[in-house]
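By convention in this document, chain letters (A, B, ...) are assigned in the order of the sequence lines, proteins followed by strands, and residues within each chain are numbered from 1. Hydrogens, waters and symmetry mates are skipped; everything else that's a heavy atom, side chains included, is used.
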Number of protein chains: 2
Amino acid sequence: MITSLSIKQVEKISKALGDPYRLKIMKIVSNSESCVQCCDVSAEFNLAQSTMSHHIKQLIDADLLIADKDGRNLKFVVNKEVCTAYADYINSLVL
Amino acid sequence: MITSLSIKQVEKISKALGDPYRLKIMKIVSNSESCVQCCDVSAEFNLAQSTMSHHIKQLIDADLLIADKDGRNLKFVVNKEVCTAYADYINSLVL
DNA sequence: TTTAAATATCTAAATATTTCGATGTTTTTG
DNA sequence: CAAAAACATCGAAATATTTAGATATTTAAA
């Protein structure tokens with residue numbers, strides 16, 4: 001199934017990726033075999049818990065991460081479909 | 001030649017693309033056959049000239065556009081190499 | 001050579017984002 | 001059931017971005 005993004009979605013995704021912490025979160029989640037949790041990611045940063053929560057929320061809101069509540073944990077994986085669709089959009093700028 | 005972007009460059013590019021006007025500028029430049037000038041782009045927007053100048057500067061600074069002074073005009077084209085490298089980075093998040 | 005056109009730069013206001021601490025909610029554990 | 005763990009939300013300060021108007025610069029045209 002091919003996802004096509006609206007311009008608003010492209011903007012939101014770009015904005016979500018325009019931050020060093022959020023880029024690093026994406027890389028951590030991408031590099032991990034299984035699901036990642038907030039507390040796993042938080043351990044890698046020197047940021048307040050509320051700040052981490054905020055960053056992760058932005059990635060989820062932009063559909064870059066797919067999250068799933070598991071008890072008191074929040075587990076997430078990269079949304080491959082959306083990442084691919086975003087890359088496709090960028091590539092479409094190069095004709 | 002394959003360009004590989006630093007994480008700082010990826011951040012800067014994402015930030016540059018995280019704005020509706022700048023996304024539209026990229027699309028206009030991408031869709032045009034030949035070089036585009038500031039005044040061509042400006043005509044499509046309802047923004048002050050200084051504001052347009054600022055947006056275009058950000059795209060150039062992020063290396064998304066290649067600019068070339070031509071008399072009193074500034075002509076530019078999409079930087080295909082950087083766009084492709086950016087799309088590759090995004091795709092690398094999907095393993 | 002004065003004038004106009006295209007763009008850049010500066011300043012400042014308005015708005016948005018980032019960050020933290022405090023506190024709230026939900027779920028697990030003792 | 002009380003305490004702790006994981007995360008969310010709120011409020012506020014610090015910082016960054018967006019925008020416009022005024023002005024400067026550079027080049028082309030009259």
Side-chain angles (χ1 to χ4, degrees), chain A residues 7-29 32 34-79, chain B residues 7-29 32 34-79:
Chain A
I7 193 77
K8 264 290 156 204
Q9 285 177 288
V10 171
E11 183 194 338
K12 196 165 191 177
I13 291 168
S14 302
K15 216 169 264 177
L17 293 176
D19 174 276
Y21 294 115
R22 294 194 294 267
L23 278 177
K24 194 170 175 193
I25 294 170
M26 286 303 293
K27 189 166 254 176
I28 289 171
V29 178
S32 113
S34 53
C35 281
V36 178
Q37 305 177 142
C38 289
C39 49
D40 298 334
V41 175
S42 298
E44 307 264 354
F45 298 88
N46 211 3
L47 286 179
Q49 178 266 322
S50 57
T51 304
M52 280 303 304
S53 187
H54 170 252
H55 283 308
I56 290 170
K57 182 170 161 43
Q58 279 185 75
L59 292 171
I60 293 168
D61 285 351
D63 285 323
L64 284 164
L65 293 180
I66 298 174
D68 183 35
K69 248 312 192 193
D70 177 29
R72 63 188 167 184
N73 301 312
L74 186 73
K75 297 168 78 176
F76 36 81
V77 293
V78 169
N79 189 338
Chain B
I7 192 76
K8 265 290 157 206
Q9 284 177 289
V10 171
E11 183 194 337
K12 196 165 190 178
I13 291 168
S14 303
K15 216 169 265 175
L17 293 176
D19 174 275
Y21 295 114
R22 294 194 294 267
L23 278 177
K24 195 170 175 192
I25 293 169
M26 287 302 293
K27 189 165 254 176
I28 290 170
V29 179
S32 112
S34 53
C35 281
V36 178
Q37 304 176 141
C38 289
C39 51
D40 299 332
V41 175
S42 297
E44 308 262 356
F45 299 88
N46 211 3
L47 287 180
Q49 178 267 322
S50 57
T51 305
M52 279 303 303
S53 187
H54 169 251
H55 282 308
I56 290 170
K57 182 170 160 45
Q58 279 185 74
L59 292 170
I60 293 168
D61 285 351
D63 285 324
L64 284 163
L65 293 180
I66 299 173
D68 183 34
K69 247 321 192 190
D70 175 30
R72 61 187 168 185
N73 301 311
L74 186 72
K75 298 168 78 177
F76 35 80
V77 292
V78 169
N79 189 337

How close or far is atom [atom2] of [N] from atom [atom1] of [X], stated in whole angstroms?
{"X": "B:Lys12", "N": "D:dA16", "atom1": "NZ", "atom2": "P", "answer": "14 Å"}
{"X": "A:Gln37", "N": "D:dA8", "atom1": "CD", "atom2": "C1'", "answer": "16 Å"}
{"X": "B:Asn73", "N": "C:dA8", "atom1": "CG", "atom2": "C1'", "answer": "14 Å"}
{"X": "B:Arg22", "N": "D:dT19", "atom1": "CZ", "atom2": "P", "answer": "8 Å"}
{"X": "B:Met52", "N": "C:dA8", "atom1": "CE", "atom2": "P", "answer": "10 Å"}
{"X": "A:Asp61", "N": "C:dT18", "atom1": "CG", "atom2": "C1'", "answer": "16 Å"}
{"X": "A:Asp19", "N": "D:dT17", "atom1": "CG", "atom2": "P", "answer": "11 Å"}
{"X": "B:Ile56", "N": "C:dT7", "atom1": "CD1", "atom2": "P", "answer": "8 Å"}

Strictly under 3.5 Å: I want the nitrogen or oxygen pairs between protein and nucleotides 9-11 of chain C, one per line.
none

Going by heavy atoms in the side chains, are B:Ile13 and B:Asp63 under 4.5 Å from each other?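 No, too far: nothing below the 4.5 Å cut-off.
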Is there side-chain contact between B:Ile60 and B:Leu74, with heavy atoms separated by less than 4.5 Å?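 Yes. Closest side-chain heavy atoms under 4.5 Å.
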Candidates [options] - which lies nearest the side chain of [X]:
{"X": "B:His55", "options": "C:dT7, C:dT19, D:dT19", "result": "D:dT19"}
{"X": "B:Cys39", "options": "C:dT7, C:dT17, C:dT18", "result": "C:dT7"}
{"X": "B:Arg72", "options": "D:dT18, D:dT26, D:dA5", "result": "D:dT26"}

Within the 4.0 Å heavy-atom criterion, would you say [X] contacts the bases, only the backbone, or no part of the nucleic acid?
{"X": "A:Phe45", "result": "nothing"}
{"X": "B:Leu47", "result": "sugar-phosphate"}
{"X": "B:Lys75", "result": "nothing"}

In degrees rounded to 10°, what angle is found between the helical axes fit to the five outermost pairs at each end of the helix from C:dT1-D:dA30 to C:dG30-D:dC1?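 The value is 10°.
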Counting only N and O atoms by type, is there a donor-acceptor contact under 3.5 Å from the side chain of B:Ser14 to the main-chain atoms of B:Val10? yes
Partner set under ring-ring contact (aromatic ring centres under 6.0 Å, His included) for B:His55, not counting sequence neighbours: B:Tyr21
Output, in order, the C-alpha distance, side-chain angles, deciding distance and verdict of side-chain contact (heavy atoms from CB on, under 4.5 Å) for B:Lys15 and A:Asp19. CA-CA 8 Å; B:Lys15 216 169 265 175; A:Asp19 174 276; 5.9 Å; no
Is the phosphate of D:dT18 approached by B:Gln58 (side-chain N or O, under 4.0 Å from OP1 or OP2)?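 For D:dT18, OP1 or OP2 has a side-chain N or O of B:Gln58 closer than 4.0 Å.
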